[in-house]
Amino acid sequence: MENKSQKRIEILRHSTSHLMALAVLELFGNVKFGIGPVIENGFYYDFDLTGSSSKLTENDLPKIEEKMKELIEKGLKFEKKEISLEEAIGLFKKLNQPYKVELLEDLKKYGTTEINSWSLISQSKQIPKTVTIYQLGKFIDLCRGPHLKSTKEIKAFKLLKIAGAYWRGNEKNPMLQRIYGTAFFTQKELDQYLINLKEIEKRDHREIGKNLDFFSISEELGAGLVLWHPKGAIIRKIIEDFWKKEHEKRGYQLVYSPHIGKLNLWKKSGHWEFYRENLYSPIKIDEDEYLIKPMNCPFHILIYQSQIRSYRDLPLRYAELGTVYRYERSGVLHGLVRARGFTQDDAHIFCTYEQLEKEIIDVLKLSIFMMKTFGFKNYQVVLSTKPKKSIGSDQIWEKATQALKNALEKTKVKYEIDPGQGAFYGPKIDIKVIDVLGRAWQGPTIQVDFNFPERFDINYIDKNGKKARPVMIHRTVLGSMERFLGCLIEHCKGIFPVWLSPVQIYLAPVGKAHWQYTQKLGKELENFGLRVWVDLARETIPYKIRKAENQKIPYILVIGDKEMKSKTLNVRQHGKKKLKRMSKKQFIEKVLKEIKNKK
Ligand SMILES: [Zn+2]
Ligand SMILES: [Zn+2]
């Protein structure tokens, strides 16, 4: 969400959630407010109407929309005020807003409103003296902002649905009512989105993933944790094998690291200080505290530091499919796309400043190659530069930023610059892949880092025999295996190309007389490395064809008398009505060729 237009639309959507809250307040009177954040493609707000006589239903949405339009016309201002924490608690008590008071009390106690069970124990956050409140009409909200100036700027919005949601995602808390909506800068964009929405629902990876038996996420296991079922695991393995092969070709070395490491490592890296809300509680082993890893970087640094490195060793490129765990609020979890445990296709490159440009070029090329291979033709590229608060000299920043720019220009990649939006430790390139519906998904990221080499005191011996500081590149190409599969499912609607399909060929014998022949054929195909399902279920052929179509299997072969006698095959390709008759040899060659070409 780094780029500018993304931020603008988020401000618009978040401001629209305030407007919706005001409309609900005006229509229903006694409303208690939860929170109203921006989410992927829209916003929501949580309401508690138990104090008022009514309960929200879908029928109320048009009424609320009407009210919102009326309020837009008034050109209401979003008015910001900074008040003390104590004043704010008093104010929201007076307004009878217990949820806001709860947030403020947390802020007072822990310095954060985003608590998970264990951060309750750690009181290391700074307690703010003041908070900001925003007033829109008679609706006052506790909010960090920013917002639009006036409701007049809201041109195109739509309320989409109502759902129940526990306060703070905890089932021990009251159930609130959540209204989802979205907003765009123009009516045209909104209309297009609403048309797409139906298609988006049909492509929901959570539904498809369930129907095709790819994965599951259950309450019993724990929110945000993914079980990969055999069929999903086949896809993942193919992607992983391909990924490893392509990395080894490009001079990466594969490494493995454990799931936990001493807390001290994370103190050294700064994660403990700056990233604590996303970390899980430390665990004690013997006398030391350990942390479940949120990132792989410190482990790769330790591998680098296991030997004295010379300039002749650089660049060193360590790649790992490393599983990490991060705390995400339950409200933002979304299938595979936002999970609490996920496997990054991670790599860290240690190089000299002189080598930076060439390394970035290679990562860019690899990224584009990967995206193309998986069928993503369009992408957006953003280069984020030095922020106000940063470490490293201007000279180093200049050098690194120039290296990134040169790399982008030499690879002829069109890009936007997002000034001041780099991480405090270095500039970066973010690539968003655009799916068939025009939606942007987080894709490859390439991040230059001056910070870790300092913090961990990473060295190499330069040409003059002196200690020198290398620079680090953190990069992922697919992001995470989970998110990438989610994105891929929605992009291809579950209809995977042959090379990725868990089952490539479905064999349906017409009757018992054809079983033996079909099984033999199945074995033959399997000997070519093809993934085959010989279905001996006693079902009609039309039923079986429907079944295989629903399972999105690329090829369906019905085997009857004719096939047995003529030794030819009647080939039905997924989604195509026309059958093609061909010899077994022709068919095998065709499929193998498609797999080789990653079709
Ligand atoms: Zn706000
Ligand atoms: Zn890293």
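Counting convention: from 1, in listed order, for ligands and their atoms alike.
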Inset, instruction - Begin from the C-alpha positions of Tyr460 and Tyr311 and carry the test ring-ring contact (aromatic ring centres under 6.0 Å, His included) through to its verdict. - result: CA-CA 6 Å; Tyr460 68 93; Tyr311 70 95; 7.6 Å; no
Legend entry - Angle at the Zn ion (ligand 1) (to 10°), with one arm to NE2 of His18 and the other to NE2 of His14: 110°
Inset, instruction - Quick one: the NE2 of His348, the Zn ion (ligand 2), SG of Cys297 angle, rounded to 10°, please. - result: 110°
Inset, instruction - Determine which of the N, O or S atoms in His474 is closest to the Zn ion (ligand 2) and give its atom name. - result: ND1
Inset, instruction - Identify the two heavy atoms, one from Arg329 and one from Arg340, that lie closest to each other, and give their separation to 0.1 Å. - result: C-NH2, 3.9 Å
Legend entry - Ion pair check, Glu289 and Lys262, cut-off under 4.0 Å: no
Legend entry - NZ/NE/NH1/NH2 to OD/OE distance under 4.0 Å, Lys108 and Glu86: yes
